[in-house]
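Notes follow the structure.
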Amino acid sequence: MPKPRKSRECSRRDFIKTAGIGLAVLPSVGIGALQLTGCGSSAAPDPPAPEPQIVRWPISSPVYTTAQQQVCPVAVASSVLPISPADVAQYATEGYSSWNLGGPLQHVLRAELAPGYTGAPNVARLLLYFSMSDIHVADKESPAQPIYVGINAGYGSNMSSAYSPILLSTTQVLDAAIQTINALHHSTPFDFGVALGDAANNSQYNELRWVIDTIDGKVITPSSGAHLGATTIDYQKAFYAAGLDPEIPWYQVIGNHDQFWMGSFFEDEKTQNAHVAGTIINMGDNPASPTAVEDSGYYMGVVNGSTPLGDIYGAGPEADFPVPPAVTADLSRHSLANATSTTHDWMQEFFQTSSKPVGHGFTQNNLVSGSACYSFVPKSDIPIKFIVLDDTVKGPGQADYAAGALDDARFNWLVGELQAGQAANQLMVICAHVPIKPQNSLTDTSPYLMWPGPEYTDDYVLNTIHQYPNLILWMAGHRHVNVVTPQPDPSGDPTLGFWEVETCSLRDFPQQFRTFDIRRNHDNTVSIIITNVDPAATGDSPAYKSRGYAIGAARVYGTYPRTDVTSHSYNAELIVQVTSVMQSVISQAGSALK
């Protein structure tokens, strides 16, 4: 692979360790006292900070779904050389972050699970709701994140989860999504919404509070520690979050990033202390090493919020720093996971809310048991039950914290909920963070195993839930993709099959949420109409800039080819064959469609 060009930039090594200069003679000075102006700059004290001005970030109007227009990347010219993920200015100048608006994305009719479907029209709406997933609201100034791992892995490494400039504005992207949801709601009201896990990026208290408070419509201070740039840098300014329309209830699913250090490591003494420390975490730089977090030798760095493009401070080999790079410590960064429970403190935060319902699905019983599983019926006159399943790994010493997993208690709970829904003549939807045996992509239909077991493997769980014909849909996030997988029953009985729909990440390209429109058809089959939506944003907002960063990071890290100009959205109408009993039950249900 050709080396990144150097003529217009300082070296990556100098770039990422900028502001380490001078710490040897100013060991007590934290990042709050440093002003970064480029490679080789010396430290200078900041002037007294004025009171921050609270801003608003309105969205563009009108809003559109991808059924009306798409966000399509522009191909990167073959003559453009690779760049470092941290060379954010070159994302635009080299065309990595370029995009334009494309035409409407049609809904693909998928009837392979309903062989008797003859094209009967939709006659009534049963439910209309939205899903968001993998918001990954991040404290970019936290000393406990692995930024250097992503930067050092470099071009084509597919390590954007460790670092990308998307970190700068995750709260503003969420706010833009909420405003877009509100605009759609005012046209055709949503019944509810569901967030499919990984609300927080690194299990931190302040990250989760930013999520809940943004949806609640509070003032958000999207910075921590010394709050650098709070009065001058757009992504650092305090802002009024619009808040979700109070008519819309929303429910929460737990993900691996909500519980574990960067979603991949059980919090221990080192990581717990790192969250609230005054120095940047020192660990190994090999993401493939199972001991990387416990190793040392490299400081991981933080975003310097006083710079418009979020320059990286305090990252690089330990030998480059005479003293450990310092930051202003902040107790609000503490982890919500502990050795006793990775779920209790996280769930408890959802009771501190002004939107509905209080707890957002979690109850006092969840807090007592520590289980993040529950069920709900959104509308009493519509026989559809939602089963919220915590299918994440539990306990220390596990091989893969990004895998799916069930234990006896959660498996038995799931079976009980399915049995109860079947007996009550309710159609059922499972909402989980991790998908179950999804296809690799829309073009590669080979299965992707997510559940290694030992007992509750993908196939074991699938064989069990295929016994319940009223299950029509499994919703998931986790993989940051828009993929739809038919899950037919091996017996060939169409009523025992269900659809699996993955909602992509609000963090990474294509940065979307989904709407689900469940309709009754004239022949009493059921249609699940899914539509991707890009958050609306104006050209001077952090959310708008983040779209370019997301596209750029996808190209720089090699998530998508540089020549790929597709939106990576997927709209479809998924047909479900229900039993004769359920055909009778739903025959008069729903609101008639005009």
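Only this structure's heavy atoms are used, side chains among them; waters, hydrogens and symmetry mates stay out.
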Side chains of P324 and Y299: does their closest heavy-atom pair fall under 4.5 Å?
yes
Is there a side chain to side chain donor-acceptor pair (under 3.5 Å) between H344 and N338? Walk through the geometry before answering.
CA-CA 9 Å; H344 178 276; N338 55 59; over 6 Å; no
Are the side chain of K379 and the backbone of L127 linked by a donor-acceptor contact shorter than 3.5 Å?
no
Heavy atoms of Q236 and L228 approach each other most closely as NE2-O, 2.8 Å
Do I233 and P308 touch side chain to side chain, with heavy atoms closer than 4.5 Å?
yes
Spacing of F130 atom CZ and T515 atom OG1 [to the nearest 0.5 Å]:
10.5 Å
I'd like to know if the side chain of Y91 reaches the main chain of P85, judged simply by a donor and an acceptor atom lying under 3.5 Å from each other, with no hydrogens or angles considered.
yes
Nearest heavy-atom contact between A550 and I166 is CA-CD1, 3.6 Å
Side chains of N532 and N482 only: does a donor on one sit below 3.5 Å from an acceptor on the other?
yes
Between Q352 and I212, is any pair of side-chain heavy atoms under 4.5 Å apart?
no
Kindly state whether the ring of Y401 and the ring of F265 have centres lying under 6.0 angstrom apart.
no
Does any part of the side chain of L414, heavy atoms only, come nearer than 4.5 Å to the side chain of D391, both counted from C-beta?
no
No-hydrogen, no-angle side-chain donor-acceptor test under 3.5 Å, Q145 and N202:
no
Given 3.5 Å as the limit, does a donor-acceptor pair link the side chain of T271 with the main chain of E267, or not?
no
For M475 and V194 the tightest heavy-atom approach is CE-CG1, 3.6 Å
Tell me, with the steps shown, if D134 and H433 meet side chain to side chain contact (heavy atoms under 4.5 Å, CB included).
CA-CA 9 Å; D134 298 86; H433 181 61; 3.3 Å; yes
Any side-chain donor near an acceptor of the partner, S355 and W250, under 3.5 Å
yes
H257 side chain to I135 backbone, donor-acceptor under 3.5 Å:
no
Looking only at side chains, do S569 and S567 share a donor and an acceptor under 3.5 Å apart?
yes
Heavy-atom donor-acceptor pair, Y313 side chain to A326 backbone, under 3.5 Å
yes
Is a donor from one side chain sitting under 3.5 angstrom from an acceptor on the other, for S332 and D330?
yes
To the nearest 0.5 Å, what is the distance between OH (Y544) and OG1 (T538)?
9.0 Å
What I'd like to find out is whether the side chain of W210 reaches to under 4.5 Å of the side chain of D139, using heavy atoms alone.
yes
Does any non-hydrogen side-chain atom of I220 lie less than 4.5 Å from one of D175?
no
Nearest-0.5 Å distance that lies between atom OG1 in T214 and atom CZ in R209:
10.0 Å
Does the Q272 side chain pair with the main chain of A337, one donor and one acceptor, at a distance under 3.5 Å?
yes
E500 side chain vs I436 backbone, donor-acceptor pair below 3.5 Å:
yes
One pair to check against side chain to side chain contact (heavy atoms under 4.5 Å, CB included): F362 and L367. What are the steps and the verdict?
CA-CA 8 Å; F362 302 115; L367 296 180; 5.9 Å; no
Please determine whether side chain to side chain contact (heavy atoms under 4.5 Å, CB included) holds for the pair T363 and Y374, giving the CA-CA distance in whole Å, both sets of side-chain angles, and the decisive distance to 0.1 Å.
CA-CA 8 Å; T363 66; Y374 62 91; 5.7 Å; no
Mind telling me whether F260 and F266 have parallel, tilted or perpendicular rings, with 30° and 60° as the class edges?
tilted
Intermediate values then yes/no, salt bridge (charged side-chain N to carboxylate O under 4.0 Å, His left out), R125 and D517:
CA-CA 7 Å; R125 174 173 289 121; D517 191 352; 2.9 Å; yes
Between T353 and H360, do the side chains contain an N or O donor and an N or O acceptor separated by less than 3.5 Å?
yes
Looking only at heavy atoms, which two atoms of S169 and Y235 are closest? And how far apart?
CB-CB, 4.4 Å
Inter-residue atom distance I54.CD1 - K237.NZ, 0.5 Å rounding:
12.5 Å
Regarding Q511 and S546, is there a side-chain donor-to-acceptor distance under 3.5 Å anywhere?
yes
Under 3.5 Å, is there a donor-acceptor pair between the side chain of T343 and the main chain of G370?
yes
Is it the case that the side chain of N366 and the backbone of C373 share a donor-acceptor pair, with hydrogens and angles ignored and the cut-off at 3.5 Å?
yes
Could you give the distance from CG (N206) to CZ (R333), rounded to the nearest 0.5 Å?
7.0 Å
If you define the side chain from C-beta out and look only at heavy atoms, does anything of K270 sit under 4.5 Å from I281?
yes
Residues N182 and G243: closest non-hydrogen pair is ND2-O, 2.8 Å
Would you kindly say whether T65 and T531 are connected by a side-chain donor-acceptor distance under 3.5 Å?
no
Heavy-atom side-chain proximity of H275 to Y205 below 4.5 angstrom
no
How about D508 and H136: does a side-chain donor come under 3.5 Å of a side-chain acceptor?
no
Taking D234 for the side chain and P542 for the main chain, is one N or O donor matched with an acceptor at less than 3.5 Å?
no
Donor-acceptor pair between K394 and Q259 side chains, under 3.5 angstrom:
yes
Paired with F239, the side chain to side chain contact (heavy atoms under 4.5 Å, CB included) test is passed by just one of V219, V55, T221, namely V55
What pair of heavy atoms forms the shortest contact from R555 to Y96, and how long is it?
NH1-O, 3.4 Å
Between CD1 on residue I151 and OH on residue Y163, distance to nearest 0.5 Å
5.5 Å
For Y129, run the ring pair (Phe, Tyr, Trp, His ring centres under 6.0 Å) check against F192, Y251, F376 and tell me which one passes.
F192
Worked verdict on T170 versus N201 for side chain to side chain contact (heavy atoms under 4.5 Å, CB included):
CA-CA 10 Å; T170 51; N201 191 52; over 6 Å; no
